[in-house]
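Reminder, nothing fancy here: chain letters follow the sequence lines and each chain counts from 1.
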Protein chains: 2
Amino acid sequence: MVAGPLPAPSGPGKDRLRLWIRLLRASRTIEAELRERLKKDFNTTLPRFDVMAALYRAPEGMLMSDLSRFLLVSNGNVTGIVDRLVSEGLVARARRNGDRRTSMVRLTEEGTQAFAAIAAAHEGWIGELLGKVSEDDARRLTGMLTSFRSNWEGRE
Amino acid sequence: MVAGPLPAPSGPGKDRLRLWIRLLRASRTIEAELRERLKKDFNTTLPRFDVMAALYRAPEGMLMSDLSRFLLVSNGNVTGIVDRLVSEGLVARARRNGDRRTSMVRLTEEGTQAFAAIAAAHEGWIGELLGKVSEDDARRLTGMLTSFRSNWEGRE
DNA sequence: ATATAAAACTTTAAGCTTGAAATATCTTGT
DNA sequence: ACAAGATATTTCAAGCTTAAAGTTTTATAT
């Protein structure tokens with residue numbers, strides 16, 4: 001998936017293949033750097049950060065299924081990550097609905113404060129790591145990726 | 001990491017944060033689709049495909065350390081994936097160098113044929129999944145991502 | 001020569017990830 | 001009311017992933 005074009009691909013459609021390879025390498029490179037910094041500076045992980053970021057946006061809480069849909073990961077996956085966050089006191093489950101199948105998951109006070117600190121650092125890192133991309137290019141790129149994505153939303 | 005801008009981020013540097021989020025969501029969406037198709041149509045996985053793609057480009061073989069560097073994953077990780085590929089007869093290790101620490105890893109004949117079939121399908125999928133991106137935009141985007149990446153190459 | 005360091009790789013423990021199967025709960029049609 | 005189906009979540013097995021520690025081999029400096 002990260003194969004580079006040593007024998008540079010050419011022909012119809014090769015530009016898209018090349019784009020995909022670059023896209024993947026870029027995101028993996030950044031992801032690796034973020035993972036390392038999250039570990040070193042905050043002793044946490046990217047999946048934990050993802051979950052906390054989603055919950056931070058939803059103070060009233062989220063269902064497990066909402067979380068997994070939003071984060072684009074499987075539901076079984078979210079269970080494990082939330083389990084660990086709960087055991088660390090950063091997240092709480094509240095099974096107090098009318099519907100007893102669901103559990104409302106939200107950040108604890110401790111989790112909220114912890115996340116705020118991490119998020120501030122995170123935003124700085126992104127600014128640094130993408131520093132060479134002009135704000136103008138950033139907006140242009142974002143637009144392209146958005147239009148690409150809308151093509152994809154709501155498939156399957 | 002995939003947090004979307006519900007309370008749309010604004011302020012200095014927010015364009016880069018938004019770009020990163022879009023980048024990540026795009027690559028995860030495509031990756032998920034590829035993973036599913038690789039499983040369904042070829043009963044294989046993305047990591048296996050990555051390793052085989054790297055080896056396909058290097059008929060003479062690659063060292064384990066070259067593989068892990070190229071694929072941007074840890075060395076211990078590659079060991080496991082190659083182990084499984086070897087046990088399936090798709091890849092072979094040859095520890096026959098002057099340097100007896102290294103092992104030259106390469107595709108077997110069976111592995112080469114298997115990969116060729118998968119790669120053909122894969123290229124078609126990418127063309128389909130990125131179909132809405134014009135060849136022109138694809139080239140432009142690739143250029144931006146490349147220049148971004150060169151900013152990153154050879155850090156740490 | 002021989003200790004010391006460096007390099008290539010593997011092993012290990014912990015955590016992440018998926019897809020499928022299992023549980024529990026709710027909803028619907030009769 | 002009750003069976004049948006749909007939903008929400010967890011559990012499970014297998015595989016992926018990393019960082020750190022361990023092994024074997026090679027290179028280097030006395």
Side-chain angles (χ1 to χ4, degrees), chain A residues 1-2 27-29 31-52 61-88 90-91 93-105 156, chain B residues 1-2 27-29 31-41 43-52 61-88 91 93-105 156:
Chain A
M1 229 63 273
V2 180
S27 62
R28 285 194 183 176
T29 304
E31 257 185 305
E33 183 68 22
L34 291 178
R35 198 186 317 112
E36 192 179 325
R37 295 186 184 196
L38 283 172
K39 178 71 175 181
K40 182 164 337 223
D41 292 2
F42 297 100
N43 195 35
T44 190
T45 67
L46 211 43
R48 278 171 165 89
F49 179 83
D50 286 350
V51 167
M52 294 178 79
M62 285 178 89
L63 299 182
M64 294 295 284
S65 43
D66 293 336
L67 264 175
S68 89
R69 228 187 326 274
F70 181 71
L71 296 175
L72 306 175
V73 299
S74 68
N75 42 5
N77 186 356
V78 176
T79 296
I81 298 169
V82 168
D83 281 353
R84 282 180 284 270
L85 287 172
V86 167
S87 79
E88 294 170 22
L90 301 171
V91 159
R93 279 188 175 94
R95 175 174 271 122
R96 43 163 184 56
N97 266 14
D99 189 334
R100 280 177 306 184
R101 293 168 300 181
T102 68
S103 57
M104 210 61 171
V105 180
E156 80 227 83
Chain B
M1 228 62 273
V2 180
S27 63
R28 285 194 183 176
T29 304
E31 256 185 304
E33 183 68 22
L34 291 178
R35 199 187 314 112
E36 193 179 324
R37 295 186 183 196
L38 283 173
K39 177 70 175 182
K40 183 167 335 224
D41 292 1
N43 194 35
T44 189
T45 67
L46 211 43
R48 279 172 164 89
F49 179 84
D50 285 350
V51 167
M52 292 178 80
M62 284 178 88
L63 300 182
M64 294 296 283
S65 44
D66 292 337
L67 264 175
S68 89
R69 226 187 327 274
F70 181 70
L71 297 175
L72 306 175
V73 298
S74 68
N75 43 4
N77 186 355
V78 176
T79 297
I81 299 169
V82 167
D83 280 353
R84 283 179 283 270
L85 287 172
V86 167
S87 78
E88 293 170 22
V91 158
R93 279 188 173 95
R95 175 175 269 122
R96 44 164 183 55
N97 265 15
D99 189 333
R100 280 177 307 184
R101 294 169 300 181
T102 68
S103 57
M104 210 63 170
V105 180
E156 77 227 81

Gap separating the OG1 atom of A:Thr29 from the CG atom of B:Leu72, nearest 0.5 angstrom: 5.0 Å
A:Arg84: partners by side chain to side chain contact (heavy atoms under 4.5 Å, CB included), with sequence neighbours left out: A:Arg48, A:Ile81
Partner residues of A:Arg35 under the side chain to side chain donor-acceptor pair (under 3.5 Å) criterion, sequence neighbours left out: none
A:Ser65 vs D:dT9: side-chain N/O to OP1/OP2 distance below 4.0 Å: yes
Atom pair distance, as rounded to whole Å: CE in A:Met64 and C1' in D:dT11: 12 Å
Non-neighbouring partners of A:Arg69 that pass side chain to side chain donor-acceptor pair (under 3.5 Å), sequence neighbours left out: A:Asp66
A:Arg93 vs D:dT10: side-chain N/O to OP1/OP2 distance below 4.0 Å: yes
Separation of atom CG in B:Leu34 from atom P in C:dT17, rounded to whole Å: 17 Å
Gap between atoms CG and P, on A:Asn43 and C:dG15 respectively (whole Å): 10 Å
Value in whole Å for how far the C1' atom of C:dC16 lies from CG of A:Leu38: 15 Å
Residues in side chain to side chain donor-acceptor pair (under 3.5 Å) contact with A:Arg95, at least two apart in sequence or another chain: none
With A:Asp41 via side chain to side chain contact (heavy atoms under 4.5 Å, CB included) - residues at least two apart: A:Trp125
Which residues share a side chain to side chain contact (heavy atoms under 4.5 Å, CB included) with B:Val73, sequence neighbours left out: B:Leu71, B:Asn77, B:Val78
d(CD, B:Glu31; C1', C:dT18) in whole Å: 13 Å
A:Leu67 CG to D:dT10 P, straight-line distance once rounded to whole Å: 11 Å
Between C:dT23 (C1') and A:Arg95 (CZ): distance, integer Å: 11 Å
Atom pair distance, as rounded to whole Å: CD in B:Glu33 and C1' in C:dT18: 15 Å
Sugar-phosphate only, base, or nothing, as touched by B:Thr79 at under 4.0 Å among non-hydrogen atoms: base
Between OG1 on residue A:Thr44 and CD on residue A:Glu88, distance to nearest 0.5 Å: 7.0 Å
Sugar-phosphate only, base, or nothing, as touched by B:Arg69 at under 4.0 Å among non-hydrogen atoms: nothing
With B:Asn75 via side chain to side chain contact (heavy atoms under 4.5 Å, CB included) - residues at least two apart: B:Ser68
Give me the distances for all protein-to-nucleotides 26-28 of chain C N/O pairs that come in under 3.5 Å?
residue : atom : partner  : partner atom : Å
C:dC26  : OP1  : A:Gly98  : O            : 3.0
C:dC26  : OP1  : A:Arg100 : N            : 2.8
C:dC26  : OP2  : A:Arg100 : NH2          : 3.1

Base versus backbone protein contacts along nucleotides 14-21 of chain D [heavy-atom cut-off under 4.0 Å; B, S, -]: -SSSB---
